Colleague: 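Here's a structure for you.
Values in this document were obtained by computation on a predicted structure and should not be read as measured data.
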Amino acid sequence: MKNPTESVLSVPRIRPVPAVSRAIAILRLLGKMRSPMGVNAIAQSLKIVPSTCLHILRALTEEKLVSFDRTTKHYRLGAGMLTLARSAIEANAFPLLVQPVLDQFSTQWGVTAIGVDVGDPDQMVVVALSRSNIPFRLHVDVGSVFPSLLSATGRLVAAFGGQSEAEIKKRFLKLRWDKPLDFKVWNKEVVFAQKNQYSMDRNAYIAGVTIVAVPVLTPTGKISHTIVCASLMDALNKKQLTQLVGEMQVEARLIADQLFT
């Protein structure tokens, strides 16, 4: 981790762009809804002036990111979103490389296996997922977004993300856990994660659930992704967890070799 006294003045200032923020909010809202929505419903949900909402929707429709039904006067996500998603996947090899690995882990170990992108210092994004046939389900899907320091992946982000301890503590204090952790205790687990290249969250982020994660590291040692496995706390014993972590670390190194060489 960086020295906490290191200057952060070099961080560029991000100026708000309301039109862009509102357009993104509209796309996210439509992505969450199972049924198309009208202008007024969208505007009310996002607290946007209806006329402004309409102008943004028309622009998004023109770009094929939103589809408009002239009969019902309702909007939904358009086919252009699929094109963008496909381009994003093709530009990022990690989901394709990690998917068979996740499928193997979920089948062999009866876990929910997850591939996570941690390229953004503020948030992590689920980019690949495999569920087992065991009746255990996490509320997570491809595209789910979480704070970057949360759960087992968060400890790895803190360990290998290059942020100062002061930055990390500030963000840590905003996190929500089922069973909150003291920062000093959590920070010791960050040090452990840095030394051993894996982390474990037992019964903290989600009560009754064990989550293990290993980092995918760049040649300079910075974290880019994580491989995560989640199970009920009593589903795997200590020996099994140790074996699973070892297998995850092997696969993480193999994927890193393919991504960065």
Colleague: Which heavy atom of Pro215 sits nearest to which heavy atom of Leu156, and what is that distance?
Modeller: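 Shortest heavy-atom contact: N-CD1, 3.7 Å.
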
Colleague: Just jot down the side chain to side chain donor-acceptor pair (under 3.5 Å) partners of Thr242, sequence neighbours excluded, or say none.
Modeller: none

Colleague: Are side-chain heavy atoms of Cys229 and Met248 found at a separation under 4.5 Å?
Modeller: yes

Colleague: Hey, could you give me each pair passing salt bridge (charged side-chain N to carboxylate O under 4.0 Å, His left out) that has a residue in residues 226-246? Not counting sequence neighbours.
Modeller: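 Qualifying pairs: none.
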
Colleague: Any salt bridge (charged side-chain N to carboxylate O under 4.0 Å, His left out) involving residues 198-208? Give me the pairs, sequence neighbours left out, ordered by first then second residue.
Modeller: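 Passing the test, one end in residues 198-208: Arg155-Asp201.
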
Colleague: Quick one: does Val209's side chain get under 4.5 Å of Met233's, heavy atoms only?
Modeller: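 No, side chains not in contact.
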
Colleague: Check side chain to side chain contact (heavy atoms under 4.5 Å, CB included) between Arg22 and all other residues, then give those that pass, not counting sequence neighbours.
Modeller: Pro18, Ile48, Thr52, Ile56

Colleague: Say you draw a straight line from OG1 of Thr83 to CE of Met81; how long is it, rounded to the nearest 0.5 Å?
Modeller: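 Here the interatomic distance stands at 10.0 Å.
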
Colleague: Check the surroundings of atom CD in Gln258: do more than 12 heavy atoms from other residues, nucleotides or ligands lie under 6.0 Å from it?
Modeller: yes

Colleague: Do the side chain of Gln194 and the main chain of Ala159 share a donor and acceptor less than 3.5 angstrom apart?
Modeller: yes

Colleague: When you measure from the side chain of Ser144 to the backbone N and O of Val140, does any donor-acceptor pair fall under 3.5 Å?
Modeller: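 Such a contact is absent between Ser144 side chain and Val140 backbone.
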
Colleague: List the atom of Ala230, the atom of Ile211, and the distance in Å for their closest heavy-atom pair.
Modeller: CB-CG1, 4.0 Å

Colleague: Hey, is the main chain of Leu244 close enough, under 3.5 Å, to the side chain of Gln249 for a donor-acceptor pair?
Modeller: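 No, Gln249 side chain to Leu244 backbone: no donor-acceptor pair under 3.5 Å.
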
Colleague: Would a 4.5 Å heavy-atom cut-off, applied to side chains only, mark Val111 and Val212 as touching?
Modeller: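 Counting from C-beta outward, Val111 and Val212 never come under 4.5 Å.
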
Colleague: Output all residues satisfying side chain to side chain contact (heavy atoms under 4.5 Å, CB included) with Thr220, sequence neighbours left out; order by chain, then residue number.
Modeller: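 Side chain to side chain contact (heavy atoms under 4.5 Å, CB included) check on Thr220 returns Thr218, Lys222.
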
Colleague: In the hydrophobic clustering that connects Ile, Leu, Val, Met, Phe, Trp and Tyr at side-chain heavy-atom distances below 4.5 Å, which members other than Leu254 occupy its cluster, ordered by chain and number?
Modeller: Val250

Colleague: Is there any ring pair (Phe, Tyr, Trp, His ring centres under 6.0 Å) pair reaching into residues 224-261, and which pairs are they, with sequence neighbours excluded?
Modeller: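 The answer is Phe94-His225.
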
Colleague: Glu247: which residues meet the salt bridge (charged side-chain N to carboxylate O under 4.0 Å, His left out) condition with it, sequence neighbours left out?
Modeller: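 If we apply the salt bridge (charged side-chain N to carboxylate O under 4.0 Å, His left out) test to Glu247, skipping adjacent residues, there are no hits.
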
Colleague: What residue pairs, at least two apart or across chains, pass ring pair (Phe, Tyr, Trp, His ring centres under 6.0 Å) with a residue in residues 39-80?
Modeller: Phe68-Tyr75

Colleague: Give a yes or no on whether the backbone of Asn237 and the side-chain of Gln240 come within a donor-acceptor separation of less than 3.5 Å.
Modeller: yes

Colleague: Hey, are the side chains of Tyr205 and Lys179 touching, using non-hydrogen atoms and a 4.5 Å cut-off?
Modeller: no

Colleague: Taking salt bridge (charged side-chain N to carboxylate O under 4.0 Å, His left out) as the test, write out the residues that go with Arg171, two or more places apart.
Modeller: Asp122

Colleague: Determine which pairs satisfy ring pair (Phe, Tyr, Trp, His ring centres under 6.0 Å) with at least one residue from residues 21-48, sequence neighbours left out, and list them in order.
Modeller: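 For residues 21-48: none.
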
Colleague: Could you tell me whether the side chain of Ser45 reaches within less than 4.5 Å of the side chain of Met37, counting heavy atoms only?
Modeller: yes

Colleague: Around atom CD of Gln44, are there more than 12 heavy atoms from other residues, nucleotides or ligands closer than 6.0 Å?
Modeller: no

Colleague: Can you check salt bridge (charged side-chain N to carboxylate O under 4.0 Å, His left out) on Asp141 and Arg131, steps first, answer last?
Modeller: CA-CA 10 Å; Asp141 290 294; Arg131 304 186 193 277; 3.1 Å; yes

Colleague: Which atom names give the shortest non-hydrogen contact between Trp186 and Ala158, and what distance separates them?
Modeller: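 For Trp186 and Ala158, the tightest heavy-atom pair comes out as CH2-CB, 3.7 Å.
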
Colleague: Run the side chain to side chain donor-acceptor pair (under 3.5 Å) test on Ser132 and Ser106 for me, step by step, so that the C-alpha distance in whole Å, both residues' side-chain angles and the decisive distance to 0.1 Å come before the verdict.
Modeller: CA-CA 5 Å; Ser132 71; Ser106 64; over 6 Å; no

Colleague: Does the side chain of Val127 come within less than 4.5 Å of Val116's, by heavy atoms?
Modeller: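 Side chain of Val116 against side chain of Val127, heavy atoms only: no contact under 4.5 Å found.
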
Colleague: With sequence neighbours left out, what residues match Pro100 under side chain to side chain contact (heavy atoms under 4.5 Å, CB included)?
Modeller: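 Partners of Pro100 under the side chain to side chain contact (heavy atoms under 4.5 Å, CB included) test: none.
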
Colleague: Would you indicate whether the side-chain heavy atoms of Ile26 and Ile42 approach each other to under 4.5 Å?
Modeller: yes

Colleague: Look at the rings of Phe192 and Tyr198 and say which category their plane angle falls in: under 30° parallel, 30 to 60° tilted, over 60° perpendicular.
Modeller: perpendicular

Colleague: How close do Trp177 and Ala204 get, counting heavy atoms only, and between which atoms?
Modeller: CB-O, 3.6 Å

Colleague: Looking at every non-hydrogen atom in both residues, tell me the closest pair between Gln163 and Ile168 and how far apart they are.
Modeller: O-CD1, 3.7 Å

Colleague: Between the side chain of Gln99 and the main-chain N/O of Ala128, is any donor-acceptor distance below 3.5 Å?
Modeller: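 Such a contact is absent between Gln99 side chain and Ala128 backbone.
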
Colleague: For residues Met124 and Val157, determine if any side-chain heavy atom of one lies less than 4.5 Å from a side-chain heavy atom of the other.
Modeller: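 A side-chain contact under 4.5 Å is absent here.
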
Colleague: Tell me whether Asn133 at atom CG has more than 12 heavy atoms from other residues, nucleotides or ligands lying less than 6.0 Å away.
Modeller: no

